Number of protein chains: 2
Amino acid sequence: MSCSPVPDESLGFLLTDATRAIRRRFEQRAAELGLSSAQWRVLVHLLRRGPLSQARLAEFLEIEPISVSRLVDRMQEAGWVEREPDPNDRRVKRVVAKRKAYAAFENAKQIADDLYEQALAGLPPGALETLTDALRRIILNLSDSPEAQDDR
Amino acid sequence: MSCSPVPDESLGFLLTDATRAIRRRFEQRAAELGLSSAQWRVLVHLLRRGPLSQARLAEFLEIEPISVSRLVDRMQEAGWVEREPDPNDRRVKRVVAKRKAYAAFENAKQIADDLYEQALAGLPPGALETLTDALRRIILNLSDSPEAQDDR
DNA sequence: TTGATTTAGTAAGCAGGCTTATAATATCTC
DNA sequence: GAGATATTATAAGCCTGCTTACTAAATCAA
C-alpha cells in the first residue's frame with residue numbers, strides 16, 4: 001500500500017525531540033540539586049509571584065490540577081515547598097516556597113541559562129526571538145480559550 | 001530574597017507548552033482511531049522504512065529501548081503491529097505494521113497536516129522552515145553523539 | 001434559608017518517558 | 001574453542017502527564 005510522503009522530521013516530532021533533549025540535559029545537570037525540570041518550573045512561578053493556590057499554579061503551568069497536586073506532593077516531601085491553608089477560603093491550599101528553594105534558585109537558573117546558550121549555538125543572532133515568537137503563536141493557536149482564536 | 005529575572009516564558013517552557021498543546025490536539029482528534037501521538041510516530045517509521053528491530057526503532061524515535069518495548073506491547077495489544085523473530089539473530093524481535101496501521105495512515109496524516117496548518121496560522125511564510133531549522137540545530141547541539149558537537 | 005451549581009483539591013488508574021538491573025544471544029579476542 | 005565483552009529485549013519501579021470520579025466548601029438563585 002502506498003504512503004503519502006510524511007517527512008519523519010515533521011514539526012511535531014522535532015518539537016518533541018527538542019523538548020526531550022532540553023529536559024534530559026537540564027535534569028542531568030540539576031541532578032545534584034535533586035530538581036526535575038517540572039519542579040524547577042514550579043519554583044520559577046512561586047519565586048516570581050509569591051504563594052499561589054494549586055488552581056492558579058495549574059493555570060500558569062498549563063497542566064491539570066491533579067498533576068499539580070502530585071507534583072506538589074513530591075516537592076513538599078523533598079522540602080522545596082509547603083502547603084498552607086488559605087485564611088479566606090478553606091478549600092484552598094496555598095503553596096509556599098521554602099528556604100531551600102531560594103537557596104537553589106541561582107544555581108538552577110545558571111544551569112538553564114548555560115543550557116539555552118548551548119542549545120542555540122551556531123544559530124544566527126535574533127534566532128531566539130524568532131523562535132519564541134513562533135512558539136508563542138503556536139501555543140495561542142492551539143489553546144482552548146476562544147478569545148485567542150481567529151485573530152489571524 | 002532577590003531573584004534575578006527569569007522570564008517565565010523561557011525557551012524551555014515555551015517548547016514544553018507547544019509540544020504539549022500539539023500532543024493534546026492530536027490525541028483529541030485521533031481519539032476515534034485510538035492512536036496516541038507516540039504510537040503515530042512509531043507507525044510513521046514502520047510504514048516508511050519497513051519492519052524494524054526494537055533497537056533501531058529506539059534510535060529513530062530517540063527514546064530508550066525499554067520505552068519502545070512497552071510502547072510496542074500496547075500497540076501489539078491494540079492490533080497495530082506484531083513482533084516477529086529475526087531469522088538471523090535470535091535476540092532480535094522485528095516489529096511489523098499490520099493491515100490496521102496501513103488502513104489508518106491517511107486519516108492520521110490528515111489530522112497531523114490540519115493540525116500543523118492551524119498551529120502556524122498567522123505566522124509569516126517561511127516561518128515553518130526557520131522554525132524546523134532552529135529545532136534541528138537545537139537537537140543537534142544537545143545530542144550525546146560527539147561528532148555532532150563543536151562544529152559551531 | 002435552602003437547594004443547586006461551581007470550584008478546589010485529591011484518589012485511582014492509565015500512557016509514556018526514565019534509570020538500573022538481568023537473561024539470552026552474538027561477537028570479539030586469545 | 002573458550003572466555004570476555006557487546007547487544008537485544010525486558011522487568012521493576014520512579015516521575016509527570018492524562019481522564020474520570022469523588023468530597024468539601026463557596027457561591028448563586030429562588
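Worth knowing before you read on, the calculation uses all heavy atoms, side chains too, and leaves out hydrogens, waters and symmetry mates. Chain A is the first sequence line, chain B the second, and so forth, proteins listed ahead of strands; every chain is numbered from 1. This structure is a prediction, so every number in the text was calculated from the model and none was measured.
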side-chain hydrogen bond (donor to acceptor under 3.5 Å, both in side chains) partner of A:Gln28, chosen from A:Arg24, A:Arg25, A:Glu32
A:Arg25
Applying a 4.0 Å non-hydrogen cut-off, can you work out what B:Ser36 is touching in the nucleic acid: base, sugar-phosphate, or nothing?
sugar-phosphate
If you check every side-chain atom of B:Ser53, which of D:dA9, C:dA8, D:dG17 has the closest atom?
D:dA9
For A:Arg23, which contact category applies under a 4.0 Å heavy-atom criterion: base, sugar-phosphate, or nothing?
nothing
So, is B:Ser69 close to the D:dT10 phosphate, meaning a side-chain N or O under 4.0 Å from OP1 or OP2?
yes
Any donor-acceptor pair, under 3.5 Å, between the side chain of A:Arg70 and the base of D:dG17, if you only look at N and O atoms?
yes
Considering just the side-chain nitrogens and oxygens of A:Arg83, establish if one lies under 4.0 Å of OP1 or OP2 belonging to C:dT10.
yes
When you measure from the side-chain N and O atoms of A:Gln54 to the phosphate of C:dT10, is any distance below 4.0 Å, counting only OP1 and OP2?
yes
DNA chain D: B:Lys93 or A:Arg74, which has the more 5' nearest nucleotide?
B:Lys93
Phosphate oxygens OP1/OP2 of D:dC18: is one of them under 4.0 Å from a side-chain N or O of B:Arg24?
yes
Can you check whether any acceptor in the base of C:dT7 is under 3.5 Å from a donor in the side chain of A:Arg91, or vice versa?
yes
Round to the nearest Å and state the distance from A:Glu62 atom CD to D:dC18 atom P.
10 Å
Length of the line joining B:Glu64:CD and D:dC14:P, which is rounded to integer Å:
19 Å
Would you please test A:Asp114 and A:Gln118 for side-chain hydrogen bond (donor to acceptor under 3.5 Å, both in side chains) and show each step?
CA-CA 6 Å; A:Asp114 291 350; A:Gln118 181 187 354; over 6 Å; no
Assign B:Ile66 to base, sugar-phosphate, or nothing according to its heavy-atom contacts below 4.0 angstrom with the strands shown.
base
Under 3.5 Å for both donor-acceptor distances, Watson-Crick or wobble: does C:dA8 have a partner, and if so which one?
D:dT23
Is there a Watson-Crick or G-U wobble partner for C:dT19 with both distances under 3.5 Å, and if so, which one is it?
D:dA12
Please confirm whether the shortest side-chain N or O distance from A:Gln39 to OP1 or OP2 of D:dT16 is below 4.0 Å.
yes
Given D:dA9, D:dC18, C:dG9, which nucleotide is nearest the side-chain atoms of B:Val92?
D:dA9
If you check the B:Ala55 side chain, which of C:dA26, D:dT8, C:dG17 turns out closest?
D:dT8
Treating Ile, Leu, Val, Met, Phe, Trp and Tyr as nodes and any side-chain heavy-atom pair under 4.5 angstrom as an edge, say whether A:Phe13 and B:Leu47 lie in one connected cluster.
yes
Decide if the gap between the ring center of B:Tyr102 and the ring center of B:Trp80 is smaller than 6.0 angstrom.
no
Any luck finding a side-chain donor-acceptor pair between A:Gln39 and A:Arg74 under 3.5 Å?
no
